[in-house]
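To keep things clear, I will list the structure first and then write my remarks on it.
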Amino acid sequence: MCWKAASIAASAVAGRTSARIRNNCAYSVKHPGPRHSVYRNYRQVLFERLRAVLQDKVRLEDLRLTVEEPPQVEMGDYALPIAFELARTFRKAPRKIADELVAAIGNVPGFSGFEVAGAGYLNGRLDRNAAAHRFAEGQESLPETREFILVEHTSINPNKAAHVGHLRNAILGDTLVRLLRAANSTVGVQNYIDNTGVQVADVVVALTHLQQLDLPGVQRWMRELAARGERIDYACWDLYAKVSQWYDAEPEQKQARKQIRLDTLHALEAGGNDTASIAELVSTAVLRRHLETMFRIGIEYEFLPRESEILHLHFWDAAFALLQRTGVLYQESEGKNAGCWVMRRAGTAGADGENPDEEAKVIVRSNGTVTYVGKDIAYHLWKFNKLGLNFGYRLFHTYPGGGQCWISAEQSDESAPHFGHADAIYNVIDSRQADPQNNVIEALRGMGYTQVAENYHHFSYEMVALTPRCAMELGYAVSPEDQDRAYIEVSGRKGFGVKADDLIDKLIAAATVQVDARHPELDPADRESIARKIAIGALRYYMLRYTRTTVIAFDMQDALSFEGETGPYVQYAIVRAANIFRKAGITPEQALEQFGPVDAKPYFTGEDGNSLWELWLLASKSVHVLEKAIQTTEPAHLAKYAFQLAQQFSNFYHRHHVLTEADPARKAVLLATAAIAQRELIRALGWMGMEAPDVM
RNA sequence: GGGCGAGUAGCUCAAUCGGAUAGAGCACCGGCCUUCUAAGCCGGAUGUUGUGGGUUCGAUUCCCGCCUCGCCCA
């Protein structure tokens, strides 16, 4: 059974795209993909010529061809440190080798010349006029890939409001999806829901024991919240903090209360009782709020696999059988783990025959319960279609743009698609989960799924913490020793953190103030739409500008800033380019057509020409940066690139007054420059889920 | 105790497989709105890249030791 939907929206931000059905699979969104890649094509041409030149002199498989950027654009467009590499094998000075290479290379199509620079760099110079025209036309394309990639992100426990840390996860994950799709991959998006875990149990305990509510009582409570217009995830945020304190509040009660928690957890896992029904009601309502929150910043999901179905459809039983058969799990007979089913941890010595392996990872406890890692192994076997079991599917939500979001169920709807069958996966999970993630990978490897283990990517990133200043501004008590720290970790258990919706509300409010002041003539709906795009731009850029290994010390002031290295700065550059075309009375596409017959060579020479060319060169690198961002799974590269391109455009904007340019040929060049800069800025922002408003 | 990550300008962060003069933003000081929008542009000052060694034509980057911080595991 396959999904029949004719078209679904890629996202609220990117707009509609037509769907293509991947053979019998539901994940179907296909983006047009990049078409302009002049920078990397010329690099390829250069590499091929070098290989031809060096063919008889060195073993090509040993040849490492790397390309760098000369420090200044006057020095050329490509810098190759190859002469340094060859210096040892040829026992010659790098400069001398570089000289010989320049002579041997001769003329290369698209290049105006080569020279030796510095201590022995081989610098290549593009024919600027030809490259610019080729780039303006934009005919090249990236190859399509056949493999199916599954990205999982967000995965918030459905027991409280989303906070800034979850925003980082979702924005990184959603951006990864957009990057992969931009590079012509087929990508599915899912959001794992742990709806039977201890965190949901905690909120259920809060409702049943602190609030003394039964099932009808909880239903009434939810109706009352809705009537008052209160967010249930916010209410649960407070309940969760309260119950966490309650467990430890009275020492003599501690054990009894923890037992209540454990009993509740077991009731949730078993299902089919009032406690489980309460959990189902509350967690689903909170989940719907999470979907709303993420949709506000342009993020959609296609499938929501839940832990309840992993339990009730007995995924673990199937996985357990496989794990035993392949010998990955064995039952420990002595030591602290006696009676447990354990797995040897990678990098440890293991059992020596006489002594038990104390380092082994427990997968099934001696009382027969399965650990989280155990369930995760089963779940990942499903992702790679190695489990032999499948979820049922039920339509859960339809986004305004038409995108469908399905949820796991015990039985499938008639028209249900199926998910999974991944060739490769990316799990967007913070770095604290590295150990459990590696356990799952090792289990898969141990079962003989070597390729699967290779294609399992933990997309790891550091947490978002609060600066002490920010924490105090938000009214939290900060201990003296915490005040001296650079940042303080957020904690749902303590109710300590910045809620995602609060931050988004603040960003929209701050943007609205600016838009109202600048554009009082616009009607309120337009102003609101503009403010929303600016807020999304600011938030998404803020979360993407840091590399993944950086702990973001969240600061409200920085996050609310629209100046300097921010999303709105990049958006503003696009708006300014749009203003040029509006006043000029032509479209960017027309500007590029008019550029066609123009010989731009005179305008790409001299100091002014250099700075103009620098902008073209940078603009032509967008696909190169896209590929690098994917290869290194580091979206921050793209964020930095977009900012740099916007910076150079702003510089251009001030340096050249396009509309008053008297020389018609020069004016055509300047208009084309604005057009390609705008085109690449829009693309780069789109890959990051950002869009510039029409006016700012 | 073991594992992973980090330490770069006053602050927050970049820096391609090791590459040319280590770059941005913020903050600070001084200029620029009669021009396509000042959410902008130009100029100024700021560095023993934690520390000690090693590898080499070349080290913020790789290796080893030490120090500090964070996270995970027991």
Side-chain angles (χ1 to χ4, degrees), chain A residues 64-72 75 79-81 83-85 87-88 93-95 117-121 123 336 345-348 358-359 361 430-439 460-463 465 467 469 485-489 510-511 514-515 517-519 534 537-538 542 545-555 557-558 561-573 575-584 621 624-625 627-629 631-632 634 636-637 639-641 643-644 646-647 649-661 670-671 674 695-696:
Chain A
R64 287 194 322 156
L65 284 175
T66 65
V67 65
E68 291 162 20
E69 294 168 20
Q72 276 106 34
M75 300 169 78
L80 292 99
F84 300 115
E85 295 275 335
R88 198 173 316 135
R95 279 200 70 101
Y121 280 96
N123 285 2
K336 60 170 184 171
R345 218 184 274 269
T348 60
E358 297 280 317
E359 299 286 303
K361 178 72 191 171
D430 75 61
S431 61
R432 289 171 290 194
Q433 298 291 321
D435 216 45
Q437 286 291 299
N438 285 331
N439 286 328
S460 169
Y461 65 94
E462 279 289 347
M463 62 181 174
T467 61
R469 183 183 78 176
R485 292 166 178 243
Y487 51 81
I488 318 168
E489 189 174 358
Q514 299 278 333
V515 176
R518 287 156 200 257
H519 299 287
I534 293 169
Y542 181 83
R545 60 179 286 202
Y546 300 93
T547 53
R548 291 184 290 116
T549 54
T550 301
V551 176
I552 298 183
F554 181 84
D555 189 90
Q557 227 166 291
D558 290 344
S561 168
F562 300 150
E563 290 168 18
E565 195 191 333
T566 65
Y569 177 94
V570 184
Q571 292 170 318
Y572 191 56
V575 168
R576 287 176 136 184
N579 287 341
I580 295 174
F581 293 111
R582 203 184 54 240
K583 288 258 173 136
K621 285 179 186 169
H624 173 69
V625 177
E627 286 190 309
K628 194 173 79 173
Q631 267 165 21
T632 56
E634 185 50 271
H637 289 144
K640 293 280 173 194
Y641 167 78
F643 174 65
Q644 281 165 11
Q647 249 184 336
F649 177 77
S650 295
N651 181 287
F652 160 83
Y653 182 90
H654 281 270
R655 195 162 171 162
H656 307 280
H657 200 270
V658 179
L659 296 184
T660 55
E661 175 57 49
L670 294 179
L671 279 167
V695 294
M696 274 179 86

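Each chain gets a letter, A, B and so on, in the order the sequences are listed, and its residues count up from 1.
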Using the P atom in both, what is the distance from C42(B) to C33(B), to the nearest Å? 16 Å
Return the nearest nucleotide to the side chain of Glu462(A); candidates are A38(B), G5(B), C42(B). G5(B)
Heavy atoms only, 4.0 Å cut-off, all strands: where does Lys336(A) land among base, sugar-phosphate and nothing? sugar-phosphate
Protein-nucleic acid N or O pairs under 3.5 Å, nucleotides 7-12 of chain B:
none

Nucleotide paired to A6(B) in any strand shown, Watson-Crick or G-U, under 3.5 Å: U68(B)
If only side-chain N and O atoms of Tyr569(A) are considered, is one of them under 4.0 Å from the OP1 or OP2 phosphate oxygen of C26(B)? no
Candidate nucleotides G40(B), C36(B), A24(B), ranked by approach to the side chain of Phe643(A) - the nearest: A24(B)
Can a side chain N or O of Arg518(A) be found less than 4.0 Å away from OP1 or OP2 on U37(B)? no
When the P atoms of U61(B) and U48(B) are considered, how many whole Å apart are they? 16 Å
Would you kindly give the CZ-to-P distance between Arg469(A) and C26(B), to the nearest whole Å? 15 Å
Euclidean distance, atom CE of residue Met463(A) to atom C1' of G70(B) [Å, nearest integer]: 6 Å
According to the Watson-Crick and G-U wobble definitions, with both distances under 3.5 Å, which nucleotide is paired to G30(B)? C42(B)
Could you state the atom-to-atom distance from CD of Glu627(A) to P of C17(B) in whole Å? 14 Å
With rounding to whole Å, what would you report as the distance between U16(B) and A22(B) at their C1' atoms? 14 Å
Nearest listed nucleotide, side chain of Ala117(A), among G25(B), U37(B), A20(B): A20(B)
Nucleotide forming a Watson-Crick or wobble pair with C36(B), both distances under 3.5 Å: none
Does Phe652(A) have its ring centroid less than 6.0 Å away from the ring centroid of Phe649(A)? yes
Tell me whether the OP1 or OP2 atom of A15(B) has a side-chain N or O from His637(A) closer than 4.0 Å. yes
Could you work out the separation of C26(B) and U35(B) based on their P atoms and round it to a whole Å? 25 Å
Interatomic distance where CZ belongs to Phe649(A) and C1' belongs to A38(B) [whole Å]: 15 Å
Any heavy-atom pair between the side chains of His656(A) and Glu661(A) that's under 4.5 Å? no
Using only heavy-atom distances, decide whether a donor-acceptor pair under 3.5 angstrom links the side-chain of Asn123(A) to the base of A20(B). yes
On a whole-Å scale, what distance lies between the C1' atoms belonging to G44(B) and C4(B)? 43 Å
Nearest 0.5 Å, please: how far is OH in Tyr546(A) from OH in Tyr461(A)? 15.5 Å
Does Asn579(A) put a side-chain nitrogen or oxygen below 4.0 Å from OP1 or OP2 of U37(B)? yes
In whole Å, measure the gap between the C1' atoms of U60(B) and A20(B) for me. 16 Å
Look at the side chain of Arg548(A) and the backbone N and O of Asp430(A), then say whether any donor-acceptor pair between them is shorter than 3.5 Å. no
Between C17(B), A20(B), U21(B), which nucleotide has the shortest distance from any of its atoms to the side chain of Met75(A)? A20(B)
Side chain of His657(A) - closest among G70(B), C36(B), A39(B): C36(B)
Can you tell me, in whole Å, how much space there is between the C1' of C66(B) and that of U56(B)? 24 Å
Would you kindly compare Thr632(A) and Ala646(A) by the position of their nearest RNA chain B nucleotide and give the one closer to the 5′ end? Thr632(A)
Of Lys361(A) and Tyr572(A), whose nearest nucleotide on RNA chain B comes first from the 5' end? Tyr572(A)
Quote, to the nearest angstrom, the C1' distance that separates A14(B) from G47(B). 15 Å
Would you tell me whether Arg582(A) and Asn579(A) have side-chain atoms, one donor and one acceptor, within less than 3.5 Å of each other? yes
How long is the straight-line distance from CZ of Phe84(A) back to OG1 of Thr66(A), given to the nearest 0.5 Å? 10.5 Å
Please check the phosphate of A38(B) (OP1 and OP2 only) for any side-chain N or O of Arg576(A) closer than 4.0 Å. yes
For the side chain of Pro71(A), counting heavy atoms from C-beta on, which of C41(B), U37(B), A20(B) is nearest? A20(B)
Charged N to carboxylate O below 4.0 Å: is that the case for Glu565(A) and Lys640(A)? yes
Among C73(B), G25(B), G70(B), the one nearest any side-chain atom of Arg485(A) is G70(B)
My understanding is that a pair needs two contacts under 3.5 Å, Watson-Crick or G-U wobble. By that rule, which nucleotide pairs with C62(B)? G54(B)
Between C4(B) (C1') and Tyr461(A) (OH): distance, integer Å: 16 Å
Would you mind telling me which of A24(B), G40(B), A20(B) lies closest to the side-chain atoms of Glu565(A)? A24(B)
